[in-house]
Amino acid sequence: MIFVTRPDLPELNDLIPYLERLWHSRVLTNGGEFHNELESSLCKYLGVKHISLFNNATTALLVSLKALEITGSVITTPYSFVATSHSLLWNGLNPIFVDISRTSFNIDVEKIENAITEDTSCILAVHCYGEPCETERIASIADKHNLKVIYDAAHAFGVRKNDQSILNSGDLSVLSFHATKSFNTFEGGAIISHDITTKQKVDSLRNFGFQNEVTVSDVGINGKMNELNAIIGLLNLDQYSANLQKRAVIANLYNIGLLNINGISIPSINLSSDSNHSYYPILVNSSFKLTRDGLYDLLKKEGVFARQYFYPLISSFPMYSKYKSSAPDNLLVANLIANQILCLPIYPSLEKHNVERIIQIIRDIH
Ligand code: T4K
């Protein structure tokens, strides 16, 4: 079986000296040496000021909303992993879904202002598949309406725009280091903040709300990353650039192999030289010989497990469908894309002959 992704792993031999140090120190979590080293290495690698590591991105999303004291309703996208919107409900906030762009699959900036209500306090946008949102335009809307901006950057590790890390946009950004992501710590995540006061608040919320040994100042959570995950992160960071090259080679093979197939379109993120190639989405439209689901099934029969990220839309899950903004006629593009999307396998150890086989299966149908 070829899966949509396979995690990058460090060499076992490289892991052993770290494990020996860990066993010797017996500092397993709560801000140990590997955790702190990973925070500073990531700041340097990503080009950001402050990073707070988390046990996963979902907890980091919960904390980001809490840290900015978001209230009322939040403008967001229905085209994401369900954790994006779940973070709102966990904070007692109401999602307002806005349709997405046909080309980037990110929130459609043209439609944000119309969706803002009196109790809107924040925009929670997603850099979907690592494609940067229109951050300048979102910033000017947010300034005009006095809104905070949080970016769910779960897919956007290492992505840069205008020679700057995309993570420097908005008030906070959240990364995921889940096993399926282009940079992984098995499970993990992070919040990027731009000033030390915000980082300290995030760090305290990540640790139950403790200010010091005897003072708890807020309803925090246990969101800490442990030392084992941090070690995996340090080792995976060493090989990230080499792995990115391998992903780019695979994306290029698909880009060439899937060119000019009637009914298959290749979104711009796959063609961008700034992409981190964490996903390889294609759109299967009605001029293709099979439906999207038909192609998914056929690939599966051939041992290729592609994924329909993101179908169904978040807005169609029962806990979200009751919101007014979930109405399909408010989310026409998102519904269209969700029905056509298919993410093909992409990961550094995916062999060339397997990529060629996937391309051939699709070409043969054509
Ligand atoms: N925001 C956005 C925009 C996100 O996409 C996500 C997560 C989050 C927030 C929340 O981040 P975390 O709290 O997870 O840090 C996966 C991931 O679980 C999830 O992290 C990810 N997005 C989402 C898009 O995909 P599944 O249920 O589709 O993954 P799963 O377990 O089916 O794995 C996919 C394939 O990867 C498998 O078929 C085989 C392969 N795989 C997976 C794992 C876990 C492996 O080979 N080894 C592994 O250990 O959700």
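In this chain, numbering begins with 1 at the start of the sequence shown. Note that ligands are numbered from 1 as they come in the structure, with each ligand's atoms numbered from 1 the same way.
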### Query
Aromatic rings Tyr240 and Phe183: how do their planes relate, parallel, tilted or perpendicular, breaks at 30° and 60°?
perpendicular
#### Entry: Lys/Arg N to Asp/Glu carboxylate O, Glu39 vs Lys199, below 4.0 Å
yes
### Task
Among all protein heavy atoms, pick the one closest to atom 32 (O) of ligand 1 and tell me residue, atom and distance.
Arg307 NH1, 2.9 Å
### Query
Among protein heavy atoms, which lies nearest atom 10 (C) of ligand 1, and at what distance?
Thr58 OG1, 3.6 Å
### Query
Can you list the atoms of ligand 1 that are under 4.0 Å from a heavy atom of Gly188?
15 (O)
### Message
A cation-pi test, strictly: NZ or CZ of Arg307 under 6.0 Å from the centre of the six-membered ring of Phe305 and no more than 45 degrees from its axis. Yes or no?
### Response
yes
## Note on the structure
For atom 40 (C) of ligand 1, the closest protein heavy atom turns out to be Thr5 O, 3.1 Å
### Query
Looking only at side chains, do Lys224 and Asn30 share a donor and an acceptor under 3.5 Å apart?
yes
### Task
Check Leu53 against Arg206 and note the closest heavy-atom contact, atom names and distance.
O-NH1, 2.7 Å
### Message
Do Ser73 and Ile96 make a side-chain contact, defined as non-hydrogen atoms from C-beta onward lying under 4.5 Å apart?
### Response
yes
### Task
Answer side chain, backbone, both or neither: which part of Phe177 comes under 4.0 Å from ligand 1, heavy atoms only.
neither
### Query
Which is it for Tyr129 and ligand 1 at heavy atoms under 4.0 Å: side chain, backbone, both or neither?
neither
### Task
Using a cut-off of 6.0 Å, state whether more than 12 heavy atoms not belonging to Phe3 lie near its atom CZ.
yes
#### Entry: Proximity winner for atom 9 (C) of ligand 1, if only heavy atoms of Asn184, Asn56, Asp152 are counted
Asp152
#### Entry: Short N or O distance, Ser80 and ligand 1, threshold 3.5 Å exclusive
no
### Task
Going by heavy-atom distance to atom 2 (C) of ligand 1, choose the closest among Cys128, Ala60, Ala154.
Ala154
### Query
With distance as the sole criterion, is a donor-acceptor pair present between the side chains of Thr180 and His178 under 3.5 Å?
yes
### Query
Tell me, which protein residue and heavy-atom name are nearest atom 6 (C) of ligand 1, and how many Å apart are they?
Phe81 CD2, 3.3 Å
### Query
Do any heavy atoms of Pro7 fall under 4.0 Å from ligand 1?
yes
#### Entry: Ligand-side contact atoms (ligand 1) for residue partner Tyr279, heavy atom cut-off under 4.0 Å
24 (C)
## Note on the structure
The answer for which part of Glu187 has a heavy atom under 4.0 Å from ligand 1 is neither
#### Entry: Partner of Tyr129 by ring pair (Phe, Tyr, Trp, His ring centres under 6.0 Å), out of Tyr279, Tyr280, Tyr309
Tyr279
### Query
Strictly by modelled atom types, are Lys161 and Thr135 linked by a side-chain donor-acceptor pair under 3.5 Å?
yes
#### Entry: Polar side chain donor-acceptor pair, His277 to Tyr254, under 3.5 angstrom
no
### Message
Please check whether Ser176 reaches ligand 1 - meaning an N/O of the residue sits under 3.5 Å from an N/O of the ligand, judged on distance alone.
### Response
yes
### Query
Where does Thr180 meet ligand 1, judged by heavy-atom distances below 4.0 Å: at the side chain, the backbone, both, or neither?
side chain
### Task
Under 4.0 Å, heavy atoms only, figure out whether ligand 1 is touched by the backbone of Thr84, its side chain, both or neither.
side chain
#### Entry: Nearest-neighbour protein heavy atom for atom 18 (O) of ligand 1, which is reported as residue plus atom name and distance
His178 CE1, 3.2 Å
### Query
Is it true that Glu351 and Arg357 make a salt bridge, defined as a side-chain N closer than 4.0 Å to a carboxylate O?
no
### Query
Hey, is NE2 on His353 packed in by over 12 heavy atoms from elsewhere, all under 6.0 Å?
yes
### Query
Tell me: protein heavy atom nearest atom 5 (O) of ligand 1, and distance?
His155 NE2, 2.8 Å
### Query
For atom 19 (C) of ligand 1, what's the nearest protein heavy atom and its distance?
Lys181 NZ, 3.7 Å
### Ala57 contact mode with ligand 1 (heavy-atom cut-off under 4.0 Å)
both
### Task
Just go through Phe310, Tyr309, Phe54 and tell me whose heavy atom is the nearest to atom 25 (O) of ligand 1.
Tyr309
### Query
In the protein, which heavy atom is nearest to atom 38 (O) of ligand 1, and how far is it?
Phe3 CD2, 3.3 Å
